[in-house]
Amino acid sequence: MAQQSWLETILRSLNVELPLRDNLDDYIDIIVPEIRKWGEDLSEMNYYSSKGGKPWLEVRDEDNFHNTIVHFFNEGGEYLRSTDGNVIKGQWRLLEGTNKMIIDLGGGLSELYELAYLDSYFFILKKHGDQKRARKYFAMGFEPYIKGLEWRDYVEELFNTYRRKHRTYQLITGAVVILIIIVLALSFF
């Protein structure tokens, strides 16, 4: 019986649950600090920019948000935003030596963002400044990977990044502990 509860304890520790939150910003607030160390920097443009364009589908938690908004951060600083097929051209650029990006849509409309998280599947920017009345995060996912997902499913997929890394860490730690126990046990015989 003690062996079964020991095994159950190990299995339970491998199952990491996502705490419940009410909105996308709150979920990102709790997930990104846990996964940031595995993310990339904006200087690694191959993760989000390409010559032919890498499609980043925007994700929002607003009830009345039903548009398909796809963003392209093309080489050379060209920025394209397609809203249900209607395209607006602009420019993007990095602020040298920082993880900040300016997106310029023309007509004097520019926005400053800081990188929150980036990998091959998720691209999350945080709008610079205090965003009490607006969305705090500009959340996107690689379109072929997240297409058809609701915002809560997007959050689950993002949290799976943590689950995978957390499990790997736990398995490696467990293997090292078992190896140490075996070495110690063999040294007594």
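Just so it is clear, the model here is predicted, and its values are computed rather than measured. Side chains included, hydrogens not; waters and symmetry mates left out as well; all remaining heavy atoms used.
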Open item on the list: Between Asp29 and Arg21, does any NZ, NE, NH1 or NH2 come within less than 4.0 Å of an OD or OE carboxylate oxygen?
Closed with: no
**OP:** Using a strict 4.0 Å threshold on nitrogen-to-oxygen distance, state whether Glu34 and Arg163 make a salt bridge.
**Re:** no
task = Could you tell me whether the side chain of Asn23 and the main chain of Asp25 form a donor-acceptor pair under 3.5 Å?
result = yes
Which word best sums up how the rings of Tyr162 and Trp38 line up, parallel for under 30°, tilted for 30 to 60°, or perpendicular for over 60°? tilted
Once the angle between the rings of Tyr113 and Phe138 is folded into 0 to 90°, is it parallel (under 30°), tilted (30 to 60°) or perpendicular (over 60°)? tilted
Check: Leu149 main-chain N/O paired with Tyr154 side-chain donor or acceptor under 3.5 Å: no
When rounded to the nearest 0.5 Å, the distance separating CD of Glu44 from CG of Asn99 is 9.0 Å
The reported gap from NZ in Lys126 to CG in Leu112 (rounded to nearest 0.5 angstrom) is 12.0 Å
- request: Verify, without hydrogens or angle tests, whether Lys54 (side chain) and Tyr47 (backbone) share a donor-acceptor contact under 3.5 angstrom.
  value: yes
CD1 of Ile35 to OG1 of Thr161, rounded to nearest 0.5 Å, is 5.0 Å
Output for pair (Gln91 CD, Ile102 CD1), nearest 0.5 Å, gives 12.0 Å
When Tyr117, Phe73, Phe142 are each screened for ring pair (Phe, Tyr, Trp, His ring centres under 6.0 Å) with Phe123, the one that passes is Phe73
Distance col, row Leu24:CG vs Ile124:CD1, nearest 0.5 angstrom, shows 7.5 Å
Notebook entry, point to check: Quick one: do Ile69 and Leu105 end up in the same hydrophobic cluster if we chain Ile, Leu, Val, Met, Phe, Trp and Tyr together by side-chain heavy atoms under 4.5 Å apart?
Noted result: no
The single option from Pro55, Ser50, Ser49 that satisfies side chain to side chain contact (heavy atoms under 4.5 Å, CB included) with Phe72 is Pro55
Within 6.0 angstrom of Glu150 CD, more than 12 heavy atoms from elsewhere: no
Closest heavy-atom pair, Trp56 versus Asp119, reported as atoms and distance to 0.1 Å, is CH2-O, 3.8 Å
(message) Tell me if a side-chain donor or acceptor on Trp92 pairs with a main-chain N or O of Leu80 at a distance below 3.5 Å.
(response) no
Salt bridge (Lys or Arg N to Asp or Glu O under 4.0 Å) evaluation trace for Arg81 with Asp104: CA-CA 11 Å; Arg81 182 177 74 196; Asp104 181 3; over 6 Å; no
Nearest heavy-atom approach of Ile28 to Ala139 is CD1-CB, 4.0 Å
_If you count every heavy atom of other residues, nucleotides or ligands that lies below 6.0 Å from Asn46 atom CG, does the total exceed 12?_
yes
For this session: Check step by step if side chain to side chain contact (heavy atoms under 4.5 Å, CB included) holds for Met140 and Leu125.
Result: CA-CA 8 Å; Met140 299 171 283; Leu125 297 169; 4.2 Å; yes
**Item:** Single-linkage hydrophobic cluster Leu118~Leu95, side-chain heavy atoms < 4.5 angstrom
**Value:** no
* Using the side chain to side chain contact (heavy atoms under 4.5 Å, CB included) rule, take Trp151 and Phe65 through it: C-alpha gap first, then chi angles, then the decisive distance, then the call. => CA-CA 11 Å; Trp151 72 269; Phe65 180 73; over 6 Å; no
Test side chain to side chain contact (heavy atoms under 4.5 Å, CB included) applied to Tyr48 and Leu42, step by step:
CA-CA 8 Å; Tyr48 62 93; Leu42 286 176; 3.9 Å; yes
Discussion item. Check this for me: Arg93, atom CZ, are more than 12 non-hydrogen atoms of other residues, nucleotides or ligands nearer than 6.0 Å?
Written reply: no
In this structure, CD of Glu156 is separated from CG of Leu18 (nearest 0.5 Å) by 5.5 Å
Between Leu115 and Glu40 the two heavy atoms that sit nearest each other are CD2-O, 3.1 Å
(message) Can you classify the ring geometry of Tyr79 versus His71 as parallel (below 30°), tilted (30 to 60°) or perpendicular (above 60°)?
(response) parallel
**Q.** CD/Glu62: more than 12 non-hydrogen atoms of other groups inside 6.0 Å
**A.** yes
Q.
As a quick check of understanding, evaluate side chain to side chain contact (heavy atoms under 4.5 Å, CB included) for Arg135 and Lys127, giving each step before the final call.
A. CA-CA 8 Å; Arg135 288 182 301 130; Lys127 189 146 185 200; over 6 Å; no
Notebook entry, point to check: Are Asp26 and Arg152 within salt-bridge range, i.e. N to O under 4.0 Å?
Noted result: no
